[in-house]
Amino acid sequence: MAKKIITSALPYSYAIPHLGNFVGSVLPADVYFKYLKMKDEDAIFICGSDQHGTAIELQALKDKVDPEVLSNSFHEKIKSLFESMGCTFTYYGKTHTAENKTVVYEIFKALEANGFIGEIESIQAYCNIDKHFLADRFIEGECPFCHGLKARGDQCDTCGRLLEPDQIINPHCTICGNSDITFKKTKNLALLLDKLQNRIKEFIETTGEKSENNWSKNAINESLGLIKVGLKPRDITRNMKWGFPVNDERFGDLVFYVWFDAVIGYIGITKEWDPSRWEEYWKSSDTELIQFMGKDNIEFHTVVFPAILIGSNLGYIMPSSIKAYEYLTSKTVKFSKSSKIGLNIENALAILPSDYWRFSLMYMCPENSDSEFSIDLLSEIINKIMNDKIGNLVNRVLVLYKNNLSLLRSRIGNSMLNPEIKKYKEQYDSHFSKLNIRNALLTIVELATFGNALLNTSEPWALAKMSGSDQSKKDAFVNVMSDLLKVVYSIGILLWPFAPRASSSILSYFGIENEPNFSMLEDDINLIAGKEVAPIFQKISDDQLAELGKFSTL
RNA sequence: AGCGAGGUAGGGUAGUCUGGAGUGCCCGUCGGGCUCAUAACCCGAAGAUCGGUGGUUCAAAUCCACCCCUCGCUACCA
């Protein structure tokens, strides 16, 4: 059987991911992975913390801590929050490890030997107080055009013009606030994407445009657009301290630029997971690599990472599927990772349990276009869909069963509904195989609507009342209940990737304590008699609304 | 400015590749039914110049051209 590697874009470990970060990559990857496990696929789910880069180094400088300590502490925190969200990674690693370093060097040396590494010379600002090269956006001063005083080295926020750092009047360093800045010539290494352009183009055309690989439209077209414009060499080093040193006398203080070791991190993290098995996945011709990410990350996965893999020519597999999500936005609720404010997954979990977030976020998942998050929308999904439509159906059927045990015990038999259930099963399966994960969730909602309609039209409560005197009513009641219980059971299984806790609690009525398997949909059901029935979902409470309201901008 | 993605009833979405009566779904509204259930559920109805303008066609939400609006990338952010 083909192996599968599922990846989610690596969260940058200097702040807690917010709801948009979570729904745009880790959550759908986790849902998809759970679906694959339910189908007994040989799949691994790899993710981890992206630890290097200017932002973390400067944050550490400001906080007067070691960047490794800073990023490790966020790493531990983020990892445990994802786990609290019900995510079950095969391995959640990080990029600053000996394993990743080994892979980075190996790939770099191969790229260099194959002629795909060049040098780029540029002028860069240097703070003589901090003894640190400054990224453009860490220089602030007066805009040469509008003379606003808050212009940064890359852009003036007052007039919106793009700037070069040496255009700033009276520049100062935003880290220490001093003006002792000089511009120095620096040399960086670059990946010669221009020399790999034709092979990347071929990769996108053969892999990306093949319909069964299910690349999202934005990923294919943005990549082809970049190629149409023409790929340029791209820096892979930075003149700073935090990162993997290039370790070559010719290049002094350079470290690898964060994006280079971050994309390679997918491999390094797998190696960290299992030093003896990682190659089975990364170097086996029958492995599919399925990558989930936000739309801002497309180029790194469709151009940069493939270029690294092609150029190094070390036998690593190429990505097969690229699924890029749009953004979850909000005009009414604050969430921003870079400014570290608003509703992140930590305070979200403090308000509502993980299933509620997993379900509602996937329900509003920005699969094809940006979607707008609001407390009203969240409440609607929880109250009307999860609670009323699904939770209430489960409760209605289980209570009917429990209240009529004497009529039903040992008589619940084969449901006549199997062809109907099969239809939903196939629809669900087809959506997942096309990576239309939101639509798979909608299939469950449709099945619940079907169950509610069946319940209303067949009126089992009426049959139960008449069954005392009428054998045919009694038989009809048993048959209807067999069908309804089969619907509830099926919902329990299909819900597993999205809401594992709710799934487990539904399946516990059917005597199932382990992770469900997709093939169980075909099985006859088995009920635990007399088990106390409790609602699986609840409506959002006023207290919870009040807590959520604290993140409102209104 | 260049390169992408999106704009479909009051709100949200699917349909667009491969043209066939505005077809579908969720919420909201209105009317009816039901009383097993968490005041939940079911049935029915109203509600859309498919962002705009032109074009191709017997036929356009769908194909082409131009324009408008939103978001992303084009950054020494990742």
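Being a predicted model, the structure only gives us computed values, none of them experimental.
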Participant: Measuring to OP1 and OP2 of B:U16, would you say a side-chain N or O of A:Lys217 lies under 4.0 angstrom away?
Facilitator: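 No, A:Lys217 has no side-chain N/O under 4.0 Å of OP1/OP2 on B:U16.
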Participant: Does any nucleotide pair with B:A61 by Watson-Crick or G-U wobble geometry, both distances under 3.5 Å, and what is it?
Facilitator: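 Pairing partner: none.
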Participant: Given B:C36, B:A40, B:G4, identify the nucleotide with an atom nearest to the side chain of A:Leu400.
Facilitator: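 Taking heavy atoms from C-beta onward, the closest nucleotide is B:C36.
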Participant: What about A:Asp235, does its side chain sit under 3.5 Å from the base of B:C76 through a donor-acceptor pair?
Facilitator: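 Result: no qualifying N/O pair found.
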Participant: Under 4.0 Å between a Lys/Arg side-chain N and an Asp/Glu carboxylate O for A:Lys295 and A:Asp370?
Facilitator: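 Yes.
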Participant: Indicate, with a heavy-atom threshold strictly under 4.0 Å, whether A:Pro460 touches base, sugar-phosphate, or nothing.
Facilitator: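 The residue A:Pro460 makes no contact with any strand.
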Participant: Identify whether any heavy atom of A:Asn188 sits under 4.0 Å from a base atom; if not, whether one sits that close to sugar-phosphate; answer base, sugar-phosphate or nothing.
Facilitator: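 Here A:Asn188 touches no strand at all.
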Participant: Once you apply a heavy-atom cut-off of 4.0 Å, does A:Asp388 come out as touching a base, just sugar-phosphate, or nothing?
Facilitator: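 Contact class for A:Asp388: sugar-phosphate only.
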Participant: RNA chain B: A:Leu226 or A:Thr449, which has the more 5' nearest nucleotide?
Facilitator: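 Nearest-nucleotide comparison on RNA chain B picks A:Leu226.
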Participant: Could you check whether A:Asn72 and A:Gln51, counting side-chain N and O atoms only, form a donor-acceptor pair closer than 3.5 Å?
Facilitator: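 Their side chains do contain a donor-acceptor pair, which is all the 3.5 Å distance test asks for.
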Participant: Looking only at atom C1', what distance separates B:G11 and B:U29, rounded to whole Å?
Facilitator: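 My reading of the C1' atoms in B:G11 and B:U29 gives 12 Å.
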Participant: Determine, using ring centers only, whether A:Phe450 and A:Tyr424 are less than 6.0 Å apart.
Facilitator: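 Yes, they do, as the ring centres are separated by less than 6.0 Å.
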Participant: Testing the 3.5 Å rule here: is there a donor-acceptor pair between the side chains of A:Tyr325 and A:Asn218?
Facilitator: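 No, no side-chain donor-acceptor pair sits under 3.5 Å.
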Participant: By nearest atom, which of the nucleotides B:G72, B:C3, B:G33 is closest to the A:Val229 side chain?
Facilitator: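 Closest nucleotide among those given: B:C3.
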Participant: Given B:C76, B:C36, B:C73, identify the nucleotide with an atom nearest to the side chain of A:Tyr257.
Facilitator: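 Within the option list, the nearest is B:C76.
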Participant: Just by distance, no angles: are the side chains of A:Ser25 and A:Ser8 close enough, under 3.5 Å, to form a donor-acceptor pair?
Facilitator: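 Short answer, yes.
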Participant: I want to confirm an ordering. Mapping A:Glu459 and A:Asn403 to their closest nucleotides on RNA chain B, which one lands closer to the 5' end?
Facilitator: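 So the residue in question is A:Glu459.
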Participant: What nucleic acid atoms does A:Gly294 come within less than 4.0 Å of, heavy atoms only: base, sugar-phosphate, or nothing?
Facilitator: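 No contact at all - A:Gly294 keeps every heavy atom at 4.0 Å or more from the nucleic acid.
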Participant: The side chain of A:Asn452 is closest to which nucleotide in this list: B:A37, B:U38, B:C41?
Facilitator: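 Output: B:C41.
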Participant: Distance alone, cut at 3.5 Å: any donor-acceptor contact between the side chains of A:Asn214 and A:Ser321?
Facilitator: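 Looking only at side-chain atoms, A:Ser321 and A:Asn214 do not form any donor-acceptor pair under 3.5 Å.
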Participant: Could you check whether A:Asp370 gets within reach of a base, just the sugar-phosphate, or nothing at all, counting any heavy atom under 4.0 Å?
Facilitator: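 Sugar-phosphate contact only.
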Participant: Base, sugar-phosphate, or nothing for A:Ser371, non-hydrogen atoms under 4.0 angstrom?
Facilitator: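 Sugar-phosphate contact only.
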Participant: Hunt down the Watson-Crick or G-U wobble partner of B:A75, both distances under 3.5 Å, from any strand shown, or write none.
Facilitator: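 B:A75 is unpaired by these criteria.
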Participant: Does A:Thr54 put a side-chain nitrogen or oxygen below 4.0 Å from OP1 or OP2 of B:A78?
Facilitator: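 Yes, because at least one side-chain N or O of A:Thr54 sits under 4.0 Å from OP1 or OP2 of B:A78.
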Participant: How would you label the contact of A:Asn392 with the nucleic acid (heavy atoms, under 4.0 Å): base, sugar-phosphate, or nothing?
Facilitator: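 If one applies the 4.0 Å heavy-atom cut-off, A:Asn392 turns out to touch a base.
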Participant: With a non-hydrogen cut-off below 4.0 angstrom, is A:Asn395 in contact with a base, only sugar-phosphate, or nothing?
Facilitator: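 A:Asn395: base contact, heavy atoms under 4.0 Å.
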Participant: Among the candidates B:C41, B:G4, B:A14, find the nucleotide nearest to the side-chain atoms of A:Asn218.
Facilitator: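 Of the candidates, B:G4 comes closest.
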Participant: In Å and rounded to the nearest 0.5 Å, what is the CG to CD distance from A:Asn387 to A:Gln538?
Facilitator: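 Going from the CG atom of A:Asn387 to the CD atom of A:Gln538 covers 8.0 Å.
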Participant: At under 4.0 Å between heavy atoms, what does A:Tyr363 touch on the DNA or RNA strands: base, sugar-phosphate, or nothing?
Facilitator: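 Here A:Tyr363 touches the backbone only, sparing every base.
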Participant: Which part of the nucleic acid, if any, lies within contact of A:Leu398, taking any heavy atom under 4.0 Å across all strands shown: a base, the sugar-phosphate backbone alone, or nothing?
Facilitator: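 Nothing: the residue A:Leu398, judged by heavy atoms under 4.0 Å, touches no strand.
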Participant: Can a side chain N or O of A:Lys539 be found less than 4.0 Å away from OP1 or OP2 on B:A39?
Facilitator: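 Answer is no, no contact under 4.0 Å.
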Participant: Tell me which nucleotide among B:C43, B:G4, B:A78 gets nearest to the side chain of A:Ala453.
Facilitator: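 From the listed options, B:C43 comes nearest.
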Participant: Given B:G2, is OP1 or OP2 found less than 4.0 Å from the side-chain N or O atoms of A:Lys228?
Facilitator: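 Negative; the distance criterion is not met.
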Participant: Using the C1' atoms only, state how far B:U49 lies from B:A9, rounded to an integer number of Å.
Facilitator: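 It works out to 12 Å between them.
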Participant: What nucleotide among B:A5, B:C36, B:C76 has an atom nearest to a side-chain atom of A:Arg238?
Facilitator: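 My answer, after comparing the listed nucleotides, is B:C76.
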Participant: So what does A:Lys465 touch, heavy atoms closer than 4.0 Å: a base, only the sugar-phosphate, or nothing?
Facilitator: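 A:Lys465: backbone/sugar contact only, no base atoms under 4.0 Å.
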Participant: Within the 4.0 Å heavy-atom criterion, would you say A:Lys295 contacts the bases, only the backbone, or no part of the nucleic acid?
Facilitator: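 Base contact.
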Participant: Could you please name the partner base of B:U38, counting Watson-Crick and G-U wobble pairs only when both distances are under 3.5 Å?
Facilitator: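 Checking every strand shown, B:U38 finds no partner, since no pair has both distances under 3.5 Å.
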Participant: Compare side-chain N and O positions of A:Lys389 against OP1 and OP2 of B:C27 and report whether any pair is under 4.0 Å apart.
Facilitator: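 It does, given that an N or O in the side chain of A:Lys389 lies less than 4.0 Å from OP1 or OP2 of B:C27.
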Participant: Look at the side chain of A:Trp461 and decide which nucleotide, out of B:C36, B:A5, B:C26, has an atom nearest to it.
Facilitator: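 Output: B:C36.
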Participant: Let me know the distance between OH of A:Tyr327 and C1' of B:G7, rounded to the nearest Å.
Facilitator: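 The answer, rounded to whole Å, is 19 Å.
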Participant: Among the nucleotides B:A78, B:C41, B:C36, which one has an atom lying closest to any side-chain atom of A:Asp50?
Facilitator: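 So the side chain of A:Asp50 is nearest to B:A78.
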Participant: Of the candidate nucleotides B:C77, B:G11, B:C3, which contains the atom at the shortest distance from the side chain of A:Glu380?
Facilitator: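 Nearest to the side-chain atoms of A:Glu380, counting from C-beta on, is B:G11.
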Participant: Could you tell me how far apart A:Leu447 (CG) and B:C25 (P) are, to the nearest whole angstrom?
Facilitator: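 Checked: the CG to P distance equals 16 Å.
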Participant: Taking atom types as modelled and ignoring hydrogens, do the side chains of A:Thr449 and A:Lys389 form a donor-acceptor contact shorter than 3.5 angstrom?
Facilitator: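 A:Lys389 and A:Thr449 do have a side-chain donor-acceptor pair below 3.5 Å.
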